[in-house]
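Working notes, beginning with the structure itself.
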Number of protein chains: 2
Amino acid sequence: MSTTPERPIRADARRNRERILAAARAVFARSGLEAQMDDVADTAGVGVGTVYRHFPTKDALLGELVANRFEEFCAEAEAALADEDGEPFDVFADHLRRNAALVAADAGTRHALMSESEAVWAHAVPARAVLIELNRRLIARAQAAGTMRPDFGADDIPQLMCGLSATMGMTGPGFDWRRHLELLIDAMRSR
Amino acid sequence: MSTTPERPIRADARRNRERILAAARAVFARSGLEAQMDDVADTAGVGVGTVYRHFPTKDALLGELVANRFEEFCAEAEAALADEDGEPFDVFADHLRRNAALVAADAGTRHALMSESEAVWAHAVPARAVLIELNRRLIARAQAAGTMRPDFGADDIPQLMCGLSATMGMTGPGFDWRRHLELLIDAMRSR
DNA sequence: TACGATACGGAGGTATGGTTCCGCTTGTCA
DNA sequence: TGACAAGCGGAACCATACCTCCGTATCGTA
């Protein structure tokens, strides 16, 4: 693909890139998308200019983090798929519970999942497609076992999880994402 | 309550207030919360200063609109409660469907429902409490009829509807709020 | 109609936060 | 080690939007 001579990246640059990503993860997880680029730079111990050298815009930085998150989701799904012994519906439900817990701990991902900005999503498109395909297989297995309602599909998952994420940041009586998720899981059960 | 002599409000001022509210409804419905105060003023055919004379902050204006919306929801619920003939679960489900349709047509309300800002919610607190109480009665009736799962509660509604609202603005395969809502309604059914 | 109180308009103040620019530093290679 | 390229820092720039201020216009009343 790349036709450039690909001079190796300088060691300090690579180190800083990692530091920036780690700092961004921490800062956005704590403060959500409204966290500022200066915060990321300070936390990483670099100047803002350096952040912008590695990521041309804030959305590009967020996109990288979101793509990483989706790769984690995929790893989760692969692990679930590898479990041949558990009851298929329960395996799938536990997979959802683990992913939801990841999201709950990270305000940045939560807001990104609800973001309508193309730029943020662009990088994550391939991983997202893989995740849906893995979900499709998990779902097919549960449906074959007769424990999941037959008209449920992998395409239903994104909007349910997106809706769940939206409520995770809210407080007040009745706001409890674990309860919310269990209701959703019940909706998927065959009856 | 009010101890001021309450000089009657000038006719033009009252007229402008109504114009501003109508304009704000239209502008926020179209563009969501990121619509600007200048847009509202232009649409209403007044200056920004006039908008700020009637509503001290953007949040106060939004709060007024949200409170109005909740009053509509309450009216909906009262109408549903008045229906003694329909199957109680279906009556409740239709009530949810109608409210969801109202929200779907109004990006402003949608974003407001997901907003974590206290200021926006403040005005709507009483109407919100009334709505929950009305929902409680609708739910009790359906549970008494045996068609709604007995462990479902009125406190579950806000987070489900909030989650639903969050997905209404998204596009892409699988994003269809009507489908999402039907899944939620199925989750409430007794089995 | 005249007058005081109330309301209006919209240019500009201010705060916020993403992004750029350029002089300085540091790594890499001969 | 010397020189060049690559990378760095962070002050300044700029765009966006909320909100304020005050001179002008309009309403309601005697």
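Just so it is clear, the model here is predicted, and its values are computed rather than measured. First the proteins, then the strands, lettered A, B, ... as listed; each starts at 1.
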Can you measure A/Ile20 atom CD1 to D/dG9 atom P for me and round it to whole angstrom units?
8 Å

Separation of atom CG in B/Asp39 from atom C1' in D/dT16, rounded to whole Å
12 Å

Please find the pair of heavy atoms, one from B/Ile20 and one from B/Thr50, that lie closest to each other, and give the distance.
CD1-O, 4.0 Å

Select one nucleotide: of D/dG7, D/dG9, C/dG17, the one nearest the side-chain heavy atoms of A/Gln36.
C/dG17

Between C1' on D/dG10 and CG on A/Asp42, what's the gap in Å once rounded to a whole number?
10 Å

Just how far, in rounded Å, is P of D/dC13 from CG of A/Asp38?
16 Å

If I take atom CZ in residue A/Phe55 and atom P in nucleotide C/dT20, what distance separates them, rounded to the nearest angstrom?
16 Å

Nearest-nucleotide pick for A/Arg53, side chain only, options being C/dC8, D/dC8, C/dT19
D/dC8

Closest to the B/Ala13 side chain: C/dC8, C/dG9, D/dC8?
C/dC8

In terms of side-chain heavy atoms of A/Asp12, which of D/dC27, C/dT26, C/dG9 is nearest?
C/dT26

Only one of A/Ile185, A/Thr147, A/Asp83, A/Asn135 passes side chain to side chain contact (heavy atoms under 4.5 Å, CB included) with A/Phe92, and that residue is A/Asn135

At under 4.0 Å, does any side-chain N or O of A/Asn16 touch on OP1 or OP2 of D/dG7?
no

What is the distance, rounded to the nearest whole Å, between atom CE of A/Met37 and atom C1' of D/dC13?
16 Å

Determine the contact category for B/Ala35: base if any of its heavy atoms lies under 4.0 Å from a base atom, sugar-phosphate if only primed atoms, P, OP1 or OP2 are that close, otherwise nothing.
sugar-phosphate

Figure out the OH/P separation between B/Tyr52 and D/dC22, and round it to whole Å.
18 Å

Please confirm whether the shortest side-chain N or O distance from A/Thr50 to OP1 or OP2 of D/dG7 is below 4.0 Å.
no

Could you tell me the separation between the CG atom of B/Leu134 and the CZ atom of B/Phe73, rounded to the nearest 0.5 Å?
13.0 Å

Please determine whether a side-chain nitrogen of the Lys or Arg among B/Asp94 and B/Arg97 lies less than 4.0 Å from a carboxylate oxygen of the Asp or Glu.
yes

Does the distance from a Lys or Arg side-chain N to an Asp or Glu carboxylate O, for B/Asp176 and B/Arg178, drop under 4.0 Å?
no

Tell me what B/Ala11 touches on the nucleic acid: a base, only sugar-phosphate, or nothing, going by heavy atoms under 4.0 Å.
sugar-phosphate

Find the distance B/Arg14:CZ to D/dG28:C1' and express it as a whole number of Å.
15 Å

Does a side-chain N or O of A/His54 approach OP1 or OP2 of D/dC8 to a distance below 4.0 Å, or not?
yes

Both B/Arg10 and B/Val48 contact DNA chain D. Which one's nearest nucleotide lies toward the 5' end?
B/Val48

By nearest nucleotide on DNA chain C, pick out whichever of B/Arg17 and A/Lys58 is the more 5' one.
B/Arg17

